[in-house]
2 protein chains.
Amino acid sequence: MSDGPQQQTGQSLLFLTDEQLRKGIEAMFFAYRGFTADPDRILEEKSYGRAHHRAIHFIHRSPGTTVNNLLSILGVTKQSLNRVLRTLIEDGLVASTVGKKDKRERHLHLTPEGAVLERALSDAQRDRMRAAYRTVGPDAVAGFRQVLEAMMDDQTRHHYEAMKDRAE
Amino acid sequence: MSDGPQQQTGQSLLFLTDEQLRKGIEAMFFAYRGFTADPDRILEEKSYGRAHHRAIHFIHRSPGTTVNNLLSILGVTKQSLNRVLRTLIEDGLVASTVGKKDKRERHLHLTPEGAVLERALSDAQRDRMRAAYRTVGPDAVAGFRQVLEAMMDDQTRHHYEAMKDRAE
DNA sequence: TTGGAATGTCAACAAAGCTGACGTATTGTT
DNA sequence: AACAATACGTCAGCTTTGTTGACATTCCAA
């Protein structure tokens, strides 16, 4: 064969070789380390971990969200999330208020102090992202986002889409 | 101002807004879950974890690598890696042989059985990657790789580059 | 009104990271 | 030859963050 099993519509399928895919896999692995490195440094000072960061991020994104909702976004068990939330509440970074309609629910908000940490974390993470984006330009960034979205699970993509256009 | 602080060379900087960057951050977070989901399922059956997967992957990539080298690629402590390596060796997936030139070193290889698991894991991970790549096309994939590479730490990028073109 | 479903909390355990200390074999240096 | 440095393995103990199981509270529907 000269062009692979699929019908070629004029463009090469060389980007689908195992070798190319393996490079993508390794790039993803190594890049994720960079992605978390800067916030990790800030978190370490305060003795928090990535789980705290994720909780803070999505509470900031969806103020008033319930524990259950946060659970399904983060994809962990409620017991695991609860431990993190408890410390954040004790430390005064997150406020938990009993639901008005349904008293079983707890609505979560960042306190002013929590918002300060959120800002520090997301600034750090955005700085690296911005530098990368600026280096490669808008077309590459568009491709980046397309691949990531195509890589998500359907359920996960649902969460992502739901949040995506909320504030634009 | 009408066009932002930087000098515009004709193209918009809208892709550098905080909002766009936040979307990229969330896309990265959600996509990484998809990225690991398929191998995770296979690993769970065998009571292994992601740490085992990473070790197997890079031993496959660099047959005969030493423990020290693997350590610096993975970015963990030797105690942590050793725990994983020990179980893989006990289970007969990895072979550790004393170095010929330097007898202090141990050279790591996958056994045939280890290669079988490696293949299963990377097939699963590649399938998803391939589907994503195919959906978005080669230009988007090129952008994806560019952004990931720009996001890495310098040290990490060094490991990535060193491995990148070994087999093409 | 009562029993089941939903929401959230507490307890105990496991995986996988970490530091620190130490032993052993080997290599390199003085 | 003596000594320091390197590579590796291991023990002990700690932290973060995931898990399952048991339980209290609240809501809703039969």
Side-chain angles (χ1 to χ4, degrees), chain A residues 29 32-33 36-37 39-59 64-91 94-109, chain B residues 29 32-33 36-37 39-59 64-91 94-109:
Chain A
F29 169 68
Y32 203 79
R33 280 226 294 255
T36 56
D40 279 357
R41 268 187 286 275
I42 296 173
L43 290 160
E44 205 194 357
E45 293 171 20
K46 321 223 179 232
S47 309
Y48 289 138
R50 256 177 232 177
H52 299 83
H53 184 185
R54 293 196 283 267
I56 287 172
H57 176 97
F58 286 108
I59 292 171
T65 185
T66 65
V67 173
N68 236 2
N69 183 45
L70 203 49
L71 236 45
S72 74
I73 291 172
L74 295 176
V76 297
T77 59
K78 60 182 175 173
Q79 295 87 334
S80 188
L81 174 59
N82 185 256
R83 187 194 303 120
V84 168
L85 280 180
R86 186 169 33 196
T87 70
L88 291 175
I89 291 168
E90 280 171 5
D91 295 353
V94 167
S96 166
T97 61
V98 174
K100 282 187 178 162
K101 258 189 68 178
D102 188 334
K103 290 178 189 166
R104 292 171 303 182
E105 296 180 339
R106 300 296 131 90
H107 297 289
L108 304 170
H109 297 266
Chain B
F29 169 67
Y32 202 80
R33 280 226 295 256
T36 56
D40 280 356
R41 268 187 288 274
I42 296 173
L43 291 160
E44 205 195 357
E45 292 171 20
K46 321 223 179 234
S47 309
Y48 290 139
R50 255 175 233 177
H52 300 84
H53 183 185
R54 293 195 284 267
I56 288 173
H57 175 97
F58 286 108
I59 292 172
T65 185
T66 65
V67 174
N68 242 358
N69 183 44
L70 202 50
L71 237 44
S72 77
I73 291 172
L74 295 175
V76 298
T77 60
K78 64 174 177 176
Q79 293 90 332
S80 191
L81 174 59
N82 186 256
R83 189 194 301 129
V84 168
L85 232 35
R86 185 168 33 192
T87 72
L88 291 175
I89 292 169
E90 280 171 4
D91 295 353
V94 167
S96 167
T97 61
V98 174
K100 281 187 179 162
K101 253 191 70 178
D102 188 335
K103 291 178 188 166
R104 292 171 302 180
E105 295 181 339
R106 300 297 132 88
H107 297 289
L108 304 170
H109 296 267

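Please read all numbers here as calculations on a predicted model, not as lab measurements. Below, chains carry the letters A, B, ... as their sequence lines are ordered, and counting in each starts from 1.
Rounding to the nearest 0.5 angstrom, the gap separating the NZ atom in B/Lys103 from the NZ atom in B/Lys101 is 13.5 Å. The distance from atom NE2 of A/His107 to atom CG of A/Asn69, rounded to the nearest 0.5 Å, is 11.0 Å.
The distance between atom NE2 of B/His107 and atom C1' of D/dG9, rounded to the nearest whole Å, is 16 Å. Rounded to an integer number of Å, the gap from A/His52 NE2 to D/dT16 C1' is 8 Å. Note: CG (A/Leu81) to P (C/dT7) measures 14 Å, nearest angstrom. Rounded to an integer number of Å, the gap from B/Asn68 CG to D/dC8 C1' is 8 Å. We find that CD of B/Glu105 is positioned 15 Å from C1' of D/dG9, with the value rounded to whole Å. In this structure, A/Leu70 atom CG and C/dT9 atom P are separated by 12 Å, rounded to whole Å. In this structure, A/Arg83 places its CZ atom 11 Å from C1' of C/dC10, rounding to the nearest Å. Going from atom NZ of B/Lys103 over to atom P of C/dT27 covers 6 Å, rounded to whole Å.
On a pure distance criterion of 3.5 Å, a polar donor-acceptor pair joins the side chain of B/Arg104 and the base of D/dT6. Below the 3.5 angstrom threshold, one finds no donor paired with an acceptor across the side chain of B/Arg86 and the base of D/dG9. Between the base of D/dG9 and the side chain of B/Arg106 there is no donor-acceptor pair shorter than 3.5 Å. Counting atom types as modelled, A/Gln79 pairs a side-chain N or O with a base atom of D/dG21 as donor and acceptor under 3.5 Å.
Side-chain proximity of B/Thr77 to C/dC22, C/dT19, C/dG17: nearest is C/dT19. Side-chain proximity of A/Lys78 to C/dG8, D/dT17, D/dC8: nearest is C/dG8.
Note on A/Gly75: nothing from the nucleic acid sits closer than 4.0 angstrom, heavy atoms only.
Both A/Gly49 and B/Leu108 lie near DNA chain D, and the one whose nearest nucleotide falls closer to the 5' end is B/Leu108. In terms of position along DNA chain D, the nucleotide closest to B/Asp102 lies nearer the 5' end than the nucleotide closest to the other residue of the pair B/Asp102 and A/Tyr48.
Under the 30°/60° scheme for interplanar angles, the aromatic rings of A/Tyr32 and B/Tyr32 are found to lie parallel.
In this structure, the side chains of B/Leu85 and B/Ile59 come closer than 4.5 Å at one or more pairs of heavy atoms.
Screening residues 43-56 of chain B for salt bridge (charged side-chain N to carboxylate O under 4.0 Å, His left out), with sequence neighbours left out, gives B/Asp40-B/Arg50.
Proximity of B/Asn82 to the phosphate of D/dG9: a side-chain N or O atom is located under 4.0 Å from OP1 or OP2.
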